[in-house]
Amino acid sequence: MNTLLLSSSKEDIKTAAQFIKDGSIVGMPTETVYGLAADALNGGAVKKIFLAKRRPMDNPLIVHISEIEDIERFNLVSDFPVKAKALAQHFWPGPLTIIMNKSDIIPDEVSAGLSTVAIRLPSHRVARELIKASGTVLAAPSANRSGSPSPTTAQHVMNDLSGDISAVVDGGMCDVGLESTVITLATKTPRLLRPGLVTVEEIEKVIGKIDVDHAVLFKLESDQKVSSPGMKYKHYAPKAKVVLLNGESEKFISFVNNAFEKDNTVGVICYDEDVESVNAKTIPIGKTDDLQTQAHLLFDALRQVDELDCFTTVYAHCPVKTGVGMALYNRLIRAASFEVIDLE
Ligand code: TXA
Ligand code: MG
């Protein structure tokens, strides 16, 4: 299949919408990461997403809507809890996904046989125009090949999926850079399943205390039950080994310089301030205190590790576990297969 690289003009969005109406799959920009979209109400179309990504069929997809009213218009949920409405009003459009009990209209391919459905209203203009022009709601996981870092540019999508999908709409580099925060309201106490730019602290200001699923910060043991199927799959791993270093900046720098002296295939994902002092090749991801920029650049940095193809081991700072740091930590700890060295 020849994959079209479309612009975000009105005409090109119309072309992409026609692919969706015809039951084909299309890469679409969102403010978080690029998604691979299909008509969420067409099980056959949704199945193509799993084949193209080589995604396990038991991992459910997020349904993207273009306005809150779509939930009732398309009758997506069996009930819309008060706390879900409060979160929707506060954080949508934006990088928050809300899980609720589903209605019968949601195909099994979307919910992977669960009784719930994940819903998100993205803030990206192009995503919302594409959803509207398609006349339906769109199931979309991140548009990467399963296991590689989520794509934050149209080129990343082309690199992973060209030839396997009908088109990619280029909407520029994603602002947020990490996938949405996922919270379920289908449990008695709301529970965070994936951290993102919308933080636990911000959510609790709107709906009160929430639980954070154990698997957000800790490694799952093989016998543990998962709340979200995506948690059990390996994620975001470049080919080189990634190791996190926990400790202050001077110790980080002297550790990586020592390691580089012994082995010149060592690379470093670091803060802008470190670049001057590190002797190894660096991939900077923003200033020490600028967690938003770090989120924006992290996946591109992990992809660069593979593209440069000259590293055997890459060291990175271990992020703090609060605020946006929780999302950075959650992604990096998986890229590092939970390997952290304590420098203190
Ligand atoms: O920012 C995002 O959320 C991006 C953009 C494209 O919107 N999408 C995205 O989708 O990251 P995906 O499929 O890569 O991640 C969705 C996560 C998976 O870990 C999946 O297991 C979980 O959400 N999920 C989806 N539906 C669920 C459900 N009903 N119950 C529990 N977990 C669910
Ligand atoms: Mg994904």
Side-chain angles (χ1 to χ4, degrees), residues 31-33 91 94-97 149-150 152 174-183 190-206 209-220 228 230-231 235-238 241-256 259 267-278 282-302 305 313-344:
E31 74 280 20
T32 55
V33 300
F91 294 106
L96 177 71
T97 295
S150 290
T152 53
C174 302
D175 273 348
V176 176
L178 295 181
E179 308 90 339
S180 61
T181 303
V182 178
I183 185 168
R191 173 179 286 260
L192 186 89
L193 302 182
R194 182 173 73 186
L197 191 72
V198 174
T199 64
V200 171
E201 294 83 353
E202 288 169 330
I203 291 172
E204 289 189 331
K205 274 191 200 142
V206 180
K209 189 93 190 90
I210 65 169
D211 292 334
V212 175
D213 199 274
H214 185 76
V216 166
L217 297 176
F218 300 97
K219 189 175 179 171
L220 271 173
S228 182
M231 288 171 170
H235 268 301
Y236 321 117
K241 184 182 164 80
V242 177
V243 179
L244 303 189
L245 302 179
N246 189 26
E248 57 193 48
S249 208
E250 284 109 82
K251 286 189 175 151
F252 178 90
I253 289 163
S254 79
F255 184 97
V256 297
V268 185
I269 292 175
C270 63
Y271 304 136
D272 295 353
E273 294 90 330
D274 302 329
V275 172
E276 291 262 285
S277 327
V278 169
T282 55
I283 304 175
I285 56 169
K287 293 220 167 70
T288 309
D289 296 330
D290 186 357
L291 302 190
Q292 298 222 2
T293 299
Q294 292 166 31
H296 179 66
L297 295 178
L298 178 64
F299 284 149
D300 189 61
L302 290 173
V305 170
T313 305
V314 172
Y315 293 103
H317 284 277
C318 186
V320 294
K321 296 180 193 128
T322 51
V324 177
M326 185 188 271
L328 288 163
Y329 179 82
N330 171 271
R331 306 312 191 273
L332 265 169
I333 196 78
R334 281 165 176 76
S337 299
F338 290 85
E339 190 168 344
V340 183
I341 297 176
D342 235 314
L343 302 179
E344 300 305 323

- For the atom pair CG (L302) and CD1 (I285), what is the distance rounded to the nearest 0.5 Å? 8.5 Å

- Query: Between the side chain of E204 and the main-chain N/O of I210, is any donor-acceptor distance below 3.5 Å?
  - Reply: yes

- Message: To the closest 0.5 Å, what do you measure between NZ (K219) and OG (S337)?
- Response: 7.0 Å

- Message: As an exercise, state the distance from OG1 of T288 to CG of D272, rounded to the nearest 0.5 Å.
- Response: 8.0 Å

- Task: Go through the structure and list residues passing ring pair (Phe, Tyr, Trp, His ring centres under 6.0 Å) with F91, not counting sequence neighbours.
- Result: none

- With L298 as partner, the option from I283, T152, L332 fulfilling side-chain contact (heavy atoms from CB on, under 4.5 Å) is L332

- Under 3.5 Å, side chain of T181 to main-chain N/O of V198, donor-acceptor pair present? yes

- Task: Identify, with sequence neighbours excluded, every residue that meets side chain to side chain contact (heavy atoms under 4.5 Å, CB included) alongside D211.
- Result: T189, R191

- Message: Suppose we screen for side chain to side chain contact (heavy atoms under 4.5 Å, CB included). Which residues come up paired with K241, at least two apart in sequence or across chains?
- Response: V243, T313, E339

- Item | Inter-residue atom distance L291.CG - T199.OG1, 0.5 Å rounding | 11.0 Å

- Query: How close do G177 and F299 get, heavy atom to heavy atom, and via which atoms?
  - Reply: O-CD1, 3.1 Å

- Message: Among residues at least two apart in sequence or on other chains, which ones pass salt bridge (charged side-chain N to carboxylate O under 4.0 Å, His left out) with K251?
- Response: E344

- Closest heavy-atom pair, P95 versus E31, reported as atoms and distance to 0.1 Å, is N-OE2, 3.5 Å

- Message: If we ignore hydrogens and angles and just use 3.5 Å, is the side chain of D213 paired with the main-chain N or O of L192 as donor and acceptor?
- Response: no

- Item | Check against side-chain contact (heavy atoms from CB on, under 4.5 Å), S249 and Y271 | CA-CA 9 Å; S249 208; Y271 304 136; 5.7 Å; no

- Scan for side-chain hydrogen bond (donor to acceptor under 3.5 Å, both in side chains) pairs involving residues 293-302, sequence neighbours excluded, and state none if there are none. H156-D300, D290-T293, D300-Q304

- Message: Once rounded to the nearest 0.5 Å, what's the spacing between atom CG of L197 and atom CD of Q292?
- Response: 5.0 Å

- Query: For the residue pair F255 and Y315, does the interplanar ring angle fall in the parallel (under 30°), tilted (30 to 60°) or perpendicular (over 60°) class?
  - Reply: perpendicular

- Note on the structure: Heavy-atom nearest pair, T97 first then S180, reads OG1-OG, 2.7 Å

- Task: Would you name the heavy atoms of L217 and F338 that are closest together and state the gap between them?
- Result: O-CE2, 4.4 Å

- Message: Under 4.0 Å between a side-chain nitrogen and a carboxylate oxygen: does that hold for K287 and E273?
- Response: no

- Item | salt bridge (charged side-chain N to carboxylate O under 4.0 Å, His left out) involving E201 - partner list, sequence neighbours excluded | none

- Identify the two heavy atoms, one from V275 and one from P284, that lie closest to each other, and give their separation to 0.1 Å. CG2-CB, 3.8 Å

- Query: Are any non-hydrogen side-chain atoms of T282 and V256 less than 4.5 angstrom apart?
  - Reply: no

- Any sub-3.5 Å donor-acceptor pair from R194's side-chain atoms to N330's backbone N or O? no

- Message: Could you measure the distance from the CG atom of L178 to the OG atom of S150? Nearest 0.5 Å is fine.
- Response: 8.5 Å

- Heavy-atom nearest pair, F252 first then A316, reads CE1-C, 3.6 Å

- Message: How about CD on E248, more than 12 heavy atoms from neighbouring residues, nucleotides or ligands closer than 6.0 Å, or not?
- Response: yes

- Query: After noting the C-alpha distance and the side-chain angles of D274 and V268, does the key distance pass the side-chain contact (heavy atoms from CB on, under 4.5 Å) rule?
  - Reply: CA-CA 10 Å; D274 302 329; V268 185; over 6 Å; no

